[in-house]
Structure formats: structure tokens, C-alpha cells
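Worksheet: the structure to be examined is printed underneath.
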Amino acid sequence: MAKEGHKYIFVLGGVMSGVGKGVVTSSIGLLLQQKGYPVNLVKVDPYLNVDAGTMNPTEHGEVFVLRSGLETDQDMGNYERFLGRDLTNEDYMTSGMVYQSVIARERALEYGGKCVEAIPHVRDEIMGRFEAAAAYNGSRISVIEIGGTVGDFQNALFIEAARVMKMEHPDDVLFVMVSYLPTPGTLGEMKTKPTQTAVRDLNGYGVQPDFIIARSKEAIDEKRKEKLAVSCAVKKDRVISAPDISSIYEAPLNFERDELGDQLLEALKLPEKRKASLSAWGRFAKAVADKKAPAVEIAVVGKYFDTGDFVLSDAYLSVIEAIKFSAAKLGKRANITWINSKHFEKGKSTSELAKYQGILVPGGFGESGIEGKIKAIRYAREHKIPYLGLCYGMQLMVVEYARNVLGLKDATTAEIKKNAEHLVVDVMPEQKALLEGGKYGGTMRLGVYPAYLKKGTMARAAYKKELVEERHRHRYEINPEYVKRLESAGLVFSGTSPDGVLMEIAELPKSKHPFMLGTQFHPELQARPLDPHPLFTEFLKAAAVHRRK
Ligand code: GLN
């Protein structure tokens, strides 16, 4: 164990995926933190990718980049937003990462000639990682979410590691099962059986849940709580109701009302240090869910839309949340419309964008949908609709400007056409070498880098400081060779790397456009509920006063 007496809460899912383990984990973290305990939240992703960076966002949603640059699962973003602080590499692991370490050790003869096996070697590697996360963060309680559902093939070794930790330290380890209680339309009655079966599955691993979070459409009633308590051998007051809510930010407030935090502390044999102070959080949760607040109409012109059963908003999760936080701060409600940029390539007119008060082009990769995005950006510029471009959205803003203002007709990015005459966005030499060597995983310009902001610009006014640190995830850069020409045509690079070589923010002066700004970094990754991002706030302020047609 990391420290004698360090506490671990494992969050597992039953019945089906997508029931909100991440929100439960984040909420438990927030409650315990507010009760005076330093907490760290850990995400376990059972897939074999070494990190989330090589996956299309249509697979598992957005790739969330930590301060360090590690590319992780979108749940890590929720954890950071609920805790209001940065998490570290130790707080994230995949099966791929775990196996990679074990195999590297085997190749280095570190197992002393032994046969290397899932148990004990992989299991012990997992336990070591849980302990390292606890130690590194100086936390008192680790809340660890094991991805997938109980009964999956892939997550079994992680459950096994948790089981052994419980066996060795029975007072320091808890299991929370997040389960789903369906109400079949034909019956109109909430059913507990799938949860009973899921708990039995978990019992088959030698693990008994201490708490059941009962996710359902309506709150679970006393009768069903009793039924679950008896059939699953969980104390009745540890069966916690978790009905559907309009915003995930209400979850910790509901759980506090049901005294989940106190119950967990009691089960962990930890004293209550203080009442959770959730008043600021409560005000925020109310503002963010306020349906009567005046709407600001925002169009997000993206491209990760066209895949089967995948939840579209997941690909842009942090962007949506960042918009919501700033809207709530301004007493507004952002009404987001999704627009597939590919439609503008198939003849749809960009004039439909006149309906919106703000246009946002988020990050992305590759060729598809790009010309459509450029058309949308042109429309935003020419019709003076507030525009925010994130990463690719900034690069394409510069491409659009080079083409239509500077007159470089074939201006583009090397990501689309390597041999174009005017590569205003190009790949940096060190990136080129990586790509040629087929080294894709974890090799982009990742994580936090500083940027200096120019006096007298919108960016500087928004941040109210000269030096900022923002998280990045990109391979391509504004080509330094074109900077002077773009500037002389009126584009302002208001943020640059400290050596002045890399362009971090592009904007148009207020005299030309009410708000047109793009960032090479991803500001959405550092927007927090109680500390919204200034660039999103300024974008929404401008959007709120824009009159749509
Ligand atoms: N595809 C672009 C690049 O690699 C932008 C990346 C992004 O939007 N995150 O530079």
C-alpha cells in the first residue's frame, strides 16, 4: 500500500455501460474533497491502446490531454472539472500501458528467469500503479474507476488487483457498484433483477460491493432499496438513489443530500472533518441548468458526426462544457447547434449561419470536411459573426485569411496537400521526422506550453496577463515564413511562444470584426466550472450582443 491507512474506493459498473460511473467517481471525489480530505481520481481504461491519443474521437469520445501532455480518456476531463485541479499521469492507466511495462521488464530480464504471467505479474503491476498514484498525489483517498462493466473479459485483472488489496487491507478498501435499474415501457415498473445478477457476477470475482448506486429514470423507492439490500447483501442505507438529472453538475448535490459522503467516510472509518461546503458549486449547478436564462445561439461546425451509435457531443465534450461554464457565468444559456461541415461541401449554403450569434470551429485531424469549415469561417469573418477557432479551427482561420484576404488562392495546410505552393500551415521539421518514421503514438506537440500575449490585443485583455500556459495537441504550425505577410494584411498574432517562433493565437482587430480569434492550443481543456476560461467568456459576451438575421 502507498501509505499505511491510505483509503481506496473502487467504482465499478454493472448491467450496462454508459450509466455514469465517471460522474459518480467525480462526485465522490468532490464530496470527499469538500469534506476536507485530499483526493485523487484514477481512471482505468481496459483497452490495449497505450494511451487514448491514437483513437478517433468517434470511438471513445474526446481525447483529454493532461497538463503533462498525456492523452487520456474524456472522463479525466470530468474529474479535473469536478475537483477543480490538474491530475497527473499516475492517475490514468490502460491495459496497454500496464502490459507495456511488464513486457519491457521481461525483456530487461527483471523477472529473474521466471515465467511471466497475468497473475501475479500483471496484477502486481496494476496494484503498484494504484499505489503510485496515491503516493504521488499526497492524497488520503483514491477513487478509482474501473472502465467497462463487471463481467467483461478486459477489466478482470483490474478487479482482481482490487480484490487482493481489499483482502490485504479490509478496512481501507471499498467497492461502489454503479448499476442500472430499467423500467421497461410495457411493464411500467422498475426492475432490480439485472442489478442483482450484476452483483452476483461481481461476487464471482470474490468481491462484495459495499455500496450500490442505483441509476434509474426515477428515484428508486424504499421497497426496491430493501429488495436490493437483502438480495445483494448491501446495507439498505448504502443503496443510493441516482435518478436521471438534467445536468451532471447536480449529481454531487443529490448525493450529499443522501449523505453519500458521510456514509463513505463511515465505511472507511474516517472521521468527518467538516460539512461539505457546496454553496458555490450549488450556485453554479443552478446557473448552468437554468432553462430560463436568455439563450445565445452558437453553431459548432465540426466533422466527427457520422458514426453509427456514437454520441456526437462526446467528441467535443470539453468544448461544450467550456461554453456552458462561460454562459453560466454571464447569466446566459448557450443553445448549441451541431453543423456538419461536410454539408457545406455538398452544396449547402453557408448563409444558414446567419441564424447564429457565434460560430465555433473545434479541433480535428485530416482532410475530410475541411473545405466546409473554411467556408464557414469565411462566412463568420465577412458577416462579422463572433468566431472562436480551436487548434485546427485557428489553422483554418489563417488559411481562409491567406486565401481570401491575402489572395494566395491555393493557401492550405500540409495536412491536406503537402506540395501546395502556399503552405501557410506546415509541419515542423521534428514532426516530419516522426511521421516519416511511423511514430504516431504520443508524439504530437502535447501538453502545457507558455505563450506571451501582445499588449493591446483582445487576447491580452481577456486574460489580463502577459504570460499564459495552455495545453496543446497538434503536429502542424502556422508557417513562420508567412507571418509577416499575414500581419501586413491585417491579421494579428496576439500570442506566441516565448521565442516568438510559434504562433499561439491569431485574431482580428476589434475595428475589423467584433470577435474573431483562434488558438493553436485547446483552452477548453482548462475551463473549470467555478473558473470559466476567459477566451470562451469573451467569445460568448460578443455572441450575446450579436444580432442574428
Ligand atoms: N490537425 C491539426 C494538427 O495536427 C490540428 C490538431 C487539433 O485540432 N487538435 O496540427
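As the structure lists them, so they are numbered: ligands from 1, and atoms in each ligand from 1. Every value quoted in this text rests on a predicted model; they were computed, and no experiment measured them.
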Only heavy atoms count here, so choose which of Cys391, Gly389, Ala414, Gly393 is nearest to atom 6 (C) of ligand 1.
Cys391
Compute the centroid of each ring, for [X] and then for [Y], and state whether the two points are separated by less than 6.0 Å.
X      : Y      : value
His533 : Tyr463 : yes
Phe325 : Phe284 : yes
Tyr356 : Tyr379 : no
Tyr79  : Phe64  : no

Please evaluate residues Lys324 and Glu321 with respect to the criterion salt bridge (Lys or Arg N to Asp or Glu O under 4.0 Å), reporting the C-alpha separation (whole Å), side-chain torsions for both, the decisive distance (0.1 Å), and the verdict.
CA-CA 5 Å; Lys324 283 193 205 159; Glu321 300 309 297; 3.2 Å; yes
Any N/O of [X] closer than 3.5 Å to an N/O of ligand 1?
X      : answer
Gly364 : yes
His474 : no
Gln520 : no

Which atoms from ligand 1 have a heavy atom of Arg473 less than 4.0 Å away?
6 (C), 7 (C), 9 (N)
Distance under 4.0 Å to a non-hydrogen atom of Gly363: what atoms of ligand 1 satisfy this?
8 (O)
So which protein heavy atom does atom 4 (O) of ligand 1 come closest to, and at what separation?
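Here the closest protein heavy atom is Arg475 N, 3.0 Å.
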Which residue owns the protein heavy atom closest to atom 2 (C) of ligand 1, what's the atom, and how far is it?
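That would be Glu415 OE1, 3.2 Å.
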Would you call Arg129-Glu125 a salt bridge at under 4.0 Å N-O?
yes
Identify whether the distance between the nearest side-chain nitrogen and carboxylate oxygen of Arg403 and Glu371 falls below 4.0 Å.
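Yes, charged N to carboxylate O under 4.0 Å.
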Would Glu477 count as a contact residue for ligand 1, given that I'm defining contact as a non-hydrogen atom of the residue lying under 4.0 Å from a ligand atom?
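For ligand 1, residue contact (heavy atoms, under 4.0 Å) with Glu477 is absent.
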Is the closest heavy atom of His522 to ligand 1 under 4.0 Å?
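So His522 counts as touching ligand 1.
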